[in-house]
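Report on the following structure.
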There are 2 protein chains.
Amino acid sequence: MHQPGGHENSFALVHGNLEIRPEEIQALVDGRRVGLTVREFQVLLVLARREDHVLRRGDIYSQVWGGQMKHRDRSVDVFVRKVRTKLAHVAPGWAYIHTHFGVGYRFAATPPSAGGSNIAIGNVSDR
Amino acid sequence: MHQPGGHENSFALVHGNLEIRPEEIQALVDGRRVGLTVREFQVLLVLARREDHVLRRGDIYSQVWGGQMKHRDRSVDVFVRKVRTKLAHVAPGWAYIHTHFGVGYRFAATPPSAGGSNIAIGNVSDR
DNA sequence: CGTTATGGATAACAAATGGTGAACGCCCTG
DNA sequence: CAGGGCGTTCACCATTTGTTATCCATAACG
């Protein structure tokens with residue numbers, strides 16, 4: 001994580017059934033490990049720290065990778081997907097990272113059925 | 001948004017039940033997301049920044065799209081309508097963007113019933 | 001009233017954006 | 001040195017958004 005000269009805020013975050021432990025680089029859902037890699041964890045952490053706020057890709061990027069995000073860099077997207085996949089594996093039906101088209105992503109732990117009983121499988125993007 | 005070399009004024013605006021967060025490109029009505037797209041949001045923002053002032057189409061256009069608005073370009077109108085629709089969806093009865101015939105638009109958060117109990121459905125244009 | 005100007009409403013089409021799956025290269029470990 | 005885990009990058013495709021044209025309603029005006 002890129003915070004030049006800064007310490008990691010180390011208190012655990014709890015959102016819904018998800019617990020995030022910065023010092024341990026661990027994310028737990030109802031006590032079960034999500035199994036995120038370091039990068040994946042960082043992306044989730046950055047988002048979760050600003051619950052319910054829309055973060056631009058560039059902001060997420062600079063906080064995790066440091067520096068300026070190159071034009072058309074898809075790193076953030078790819079990692080968001082990886083995180084989503086692993087979270088979905090442990091917490092089926094829940095949604096945590098919401099897409100804001102043309103802007104970025106927003107963290108909000110959303111229980112199943114909230115947001116409508118979608119018969120469709122695909123993702124829905126917020127705005 | 002076109003502000004060559006300029007920074008986005010980033011403090012939230014609040015008008016009536018409407019909150020506008022430039023940084024997040026988010027508009028909220030009583031906490032509920034309006035769901036505007038980036039362009040739609042920009043149009044609303046430009047208007048809201050000059051609450052109660054009538055802005056000419058050309059001004060709105062140049063601030064959002066940049067450059068000079070071409071003769072008979074209806075972009076502004078189309079987006080005003082889109083914004084109105086989405087706002088109406090979340091805040092029934094309220095009016096935010098008022099038409100000034102032959103001139104342009106004016107932002108003013110107006111609660112229901114203010115402005116008369118119109119039985120008619122259509123729009124009313126100010127002057 | 002009849003005509004013209006102006007804005008509202010839709011829809012068709014084009015472009016931008018993000019989801020996905022997979023290939024690669026690196027590094028570590030057995 | 002083979003295998004596995006991880007981060008990075010690419011390419012393809014579905015969806016969402018932006019742009020433009022057209023038709024319709026209404027205001028302005030003689």
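The chains referred to below are lettered A, B, ... by the order of the sequence lines, with proteins before strands, and numbering in each begins at 1.
We find that NE2 of B:His100 is positioned 12 Å from P of C:dG8, with the value rounded to whole Å. Going from atom CD1 of B:Ile25 over to atom P of D:dG18 covers 10 Å, rounded to whole Å. The distance from atom CG of B:Asp73 to atom P of D:dT20 is 7 Å, rounded to the nearest whole Å. As a whole-Å value, the separation of A:Met69 CE from C:dT17 P is 11 Å. Note: CZ (B:Phe79) to P (C:dG7) measures 18 Å, nearest angstrom. We find that CZ of B:Phe41 is positioned 13 Å from P of D:dG18, with the value rounded to whole Å. In this structure, the CZ atom of A:Arg127 is 12 Å from the C1' atom of D:dT15, given to the nearest Å. Put simply, CZ on A:Arg106 is 15 Å from P on C:dG18, counting in whole angstrom units.
Listed candidates were D:dT9, D:dG7, C:dG19. Nearest to the side chain of A:Arg84 is C:dG19. Relative to the side chain of A:Arg81, the nucleotides D:dG18, C:dG8, C:dG21 differ in distance, and C:dG21 lies closest. Side-chain proximity of B:Phe101 to the nucleotides D:dA27, C:dG21, C:dG8 is greatest for D:dA27. Picking from C:dG8, C:dG18, C:dG7 the nucleotide with the shortest atom distance to the side chain of A:Asp77 gives C:dG18. The listed nucleotides are D:dT9, D:dT20, C:dG18; the one nearest the side chain of B:Val78 is D:dT20.
In this structure, A:Ile25 CD1 and A:Phe41 CZ are separated by 6.5 Å, a value rounded to the nearest 0.5 Å.
Position along DNA chain C of the nearest nucleotide to A:Lys82 versus A:His71 favours A:His71 as the more 5'-ward residue.
Among the heavy atoms of the strands, none lies under 4.0 Å from A:Val80. Within the 4.0 angstrom heavy-atom criterion, only backbone atoms of the sugar-phosphate kind lie near A:Arg39; the bases stay farther away. Across all strands shown, B:Arg72 has no heavy atoms under 4.0 Å from either base or sugar-phosphate atoms. Across all strands shown, A:Val103 has heavy atoms under 4.0 Å from sugar-phosphate atoms exclusively, and none from any base.
Contact check, A:Trp65 against D:dG7: no side-chain N or O comes under 4.0 Å of OP1 or OP2. The shortest distance between the side-chain N/O atoms of A:Thr37 and the OP1/OP2 oxygens of D:dG7 is below 4.0 Å. Between A:Ser125 and C:dT17, a side-chain N or O to OP1/OP2 separation shorter than 4.0 Å is absent. A close approach under 4.0 Å does occur between a side-chain nitrogen or oxygen of A:Tyr105 and OP1 or OP2 of C:dG19.
Sorted by first and then second residue, the pairs that involve residues 92-107 of chain B and meet salt bridge (Lys or Arg N to Asp or Glu O under 4.0 Å), not counting sequence neighbours, are B:Asp52-B:Arg106, B:Arg106-B:Asp126.
When the side-chain hydrogen bond (donor to acceptor under 3.5 Å, both in side chains) test is applied to A:Arg32, no partner is found at least two apart in sequence or on another chain.
Within 3.5 Å, a donor on the side chain of B:Arg74 pairs with an acceptor on the base of C:dG8, or the reverse.
Checking side-chain atoms of B:Thr110 against main-chain N and O of B:Ala108 turns up a donor-acceptor pair under 3.5 Å.
Using modelled atom types, one finds a donor on one side chain and an acceptor on the other under 3.5 Å when comparing B:Arg57 with B:Tyr105.
Ring geometry, A:Trp65 versus A:Phe79: the interplanar angle exceeds 60°, so the pair is classed perpendicular (tilted spans 30 to 60°).
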